[in-house]
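Remember, it's a predicted structure, so these values are computed and weren't measured experimentally. Hydrogens, waters and symmetry mates are skipped; everything else that's a heavy atom, side chains included, is used.
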Amino acid sequence: MLKTLSTPAEWQHINRTNKMKNKTIGFVPTMGALHKGHLSLVERCLKENDITIVSIFVNPLQFGQNEDLDAYPRTIEEDKQKLIEAGVDAVFMPSVRDMYPRGLDHQTFVEVPDISNILCGASRPGHFRGVATVVSKLFNMVHPDDAFFGEKDFQQLQVIRLMAQDLSTGIVIHGVETERDATGLALSSRNGYLSAEQKHTAASIYKQMHIAKARILDGERDFITVANDLAD
């Protein structure tokens with residue numbers, strides 16, 4: 001039976017009991033709007049741990065100005081039903097007030113230097129600081145043995161791995177292969193924002209990357225030519 005928890009104290013009471021029984025705790029942090037990609041993380045967690053807990057929390061700290069915080073999909077009842085069917089033990093759904101009792105402007109931050117400021121992070125200043133902060137807080141609330149993240153957000157996965165290592169959490173961070181639809185498009189809660197044409201373009205990018213990878217593995221080293229050929 002799925003337990004629904006809304007405060008850290010509720011989970012910590014249950015957690016102490018499980019730890020006393022030497023049960024391993026697996027954790028899957030999410031922002032909800034669950035799809036097959038999330039459920040593949042849950043499946044791995046269930047296989048490798050005695051207890052599986054999933055969090056659902058849309059983290060305002062990782063959204064920048066003019067990003068989609070208010071529009072981000074929230075499907076709580078559907079999400080809970082999927083977790084029940086999967087056999088998850090507990091879902092943790094804290095409020096913003098529980099997570100940031102002193103407010104966002106007065107929150108202590110966790111920041112992973114260097115890797116947070118390249119690639120996606122270069123165009124989304126503060127995003128990975130928000131990710132590292134909320135995941136660190138969730139780790140401190142849940143105290144898992146293992147935590148599972150999708151490889152789809154590959155930079156995020158590396159940020160979290162470094163954070164867990166640097167802060168000596170002792171938590172094992174597992175990356176799980178990306179789930180894709182029939183076109184090759186990675187499953188994502190934000191895919192609902194895309195038009196049919198945009199989805200087709202996104203899937204084409206993935207296919208072109210595979211073509212480029214194959215050429216490089218075959219020995220091609222003129223990377224500019226490879227990139228130009230794909231652009232054509």
Side-chain angles (χ1 to χ4, degrees), residues 26-31 33-45 47-48 59 62-64 67-68 72-73 110-132 134-136 146-167 169 171-232:
F27 181 42
V28 181
T30 82
M31 292 207 301
L34 303 182
H35 51 65
K36 284 179 62 178
H38 296 110
L39 297 178
S40 71
L41 306 182
V42 170
E43 183 179 356
R44 272 282 302 276
C45 189
K47 285 181 179 178
E48 298 183 22
N59 176 34
Q62 68 192 66
F63 287 78
E67 290 192 340
D68 58 341
Y72 193 87
V110 176
E111 189 157 14
V112 182
D114 303 326
I115 193 173
S116 296
N117 301 315
I118 60 173
L119 303 176
C120 178
S123 60
R124 301 183 72 188
H127 168 69
F128 286 115
R129 181 177 71 173
V131 170
V134 75
V135 173
S136 178
D146 299 88
F148 297 80
F149 296 85
E151 292 179 350
K152 176 179 72 70
D153 296 315
F154 194 74
Q155 186 176 3
Q156 173 179 282
L157 174 60
Q158 306 317 311
V159 167
I160 291 167
R161 279 181 166 151
L162 281 175
M163 179 202 72
Q165 175 182 313
D166 289 350
L167 297 183
T169 65
I171 299 167
V172 180
I173 307 299
H174 300 266
V176 180
E177 187 176 353
T178 302
E179 289 282 328
R180 299 180 180 275
D181 67 18
T183 69
L185 180 63
L187 298 183
S188 169
S189 302
R190 288 188 168 98
N191 280 353
Y193 300 158
L194 301 179
S195 66
E197 182 179 356
Q198 289 169 329
K199 288 180 180 179
H200 175 75
T201 300
S204 297
I205 293 171
Y206 178 65
K207 292 174 184 175
Q208 294 297 314
M209 289 173 65
H210 267 281
I211 293 171
K213 177 182 177 181
R215 287 179 60 176
I216 292 168
L217 290 176
D218 284 342
E220 175 69 74
R221 289 298 178 265
D222 186 347
F223 303 130
I224 293 176
T225 297
V226 172
N228 288 339
D229 288 348
L230 295 180
D232 294 337

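Within 6.0 Å of atom CZ in F223, more than 12 heavy atoms from other residues, nucleotides or ligands are found, so the atom counts as buried in its surroundings.
M209 contributes atom CE, which lies 13.0 Å from atom OG of S204 (distance to the nearest 0.5 angstrom). Rounding to the nearest 0.5 Å places CD of E111 at 6.5 Å from CG of N117. Atom CG of L157 sits about 9.5 Å away from atom CG of L162, to the nearest 0.5 Å. To the nearest 0.5 Å, atoms NZ (K152) and OG (S188) are separated by 4.0 Å. Atom CD1 of residue I171 and atom CZ of residue R161 lie 13.5 Å apart, to the nearest 0.5 angstrom. Considering CG of L41 and CZ of F27, their distance stands at 11.5 Å, rounded to 0.5 Å.
When all heavy atoms of Q62 and R124 are compared, the closest pair comes out as O-NH2, 3.8 Å. For the pair F63 and M31, the tightest heavy-atom approach, listed with the atom from each and the gap, is CZ-CE, 3.9 Å. Taking both residues in full, the closest heavy atoms of N59 and V131 are given as ND2-N, 4.4 Å, listed atom of the first, atom of the second, then distance. In terms of heavy-atom proximity, F149 sits nearest to V135 at CZ-CG1, 4.1 Å. Across G37 and L187, no two heavy atoms sit closer than the pair N-CD1, 3.8 Å. Between S189 and Y72 the shortest heavy-atom distance is CB-OH, 3.5 Å.
Every residue meeting the side-chain contact (heavy atoms from CB on, under 4.5 Å) condition with I118, not counting sequence neighbours, appears here in chain and number order: Q155. F148 meets the ring pair (Phe, Tyr, Trp, His ring centres under 6.0 Å) test with H174; sequence neighbours excluded. Applying the side-chain contact (heavy atoms from CB on, under 4.5 Å) test to E220 and every residue at least two apart in sequence or in another chain returns R215, D222, V226.
Side chain of S123 to backbone of C120: a donor-acceptor contact under 3.5 angstrom is found.
In this structure, M163 and S136 have side chains that are in contact, with non-hydrogen atoms separated by less than 4.5 Å. Inter-residue side-chain proximity for V110 and L167 is flagged as met; some heavy-atom pair is nearer than 4.5 Å.
Classification of the H38-H35 ring pair by plane angle, with boundaries at 30° and 60°, yields tilted.
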(request) Run the numbers on V112 and R129 for side-chain contact (heavy atoms from CB on, under 4.5 Å), then give the verdict. (result) CA-CA 7 Å; V112 182; R129 181 177 71 173; over 6 Å; no
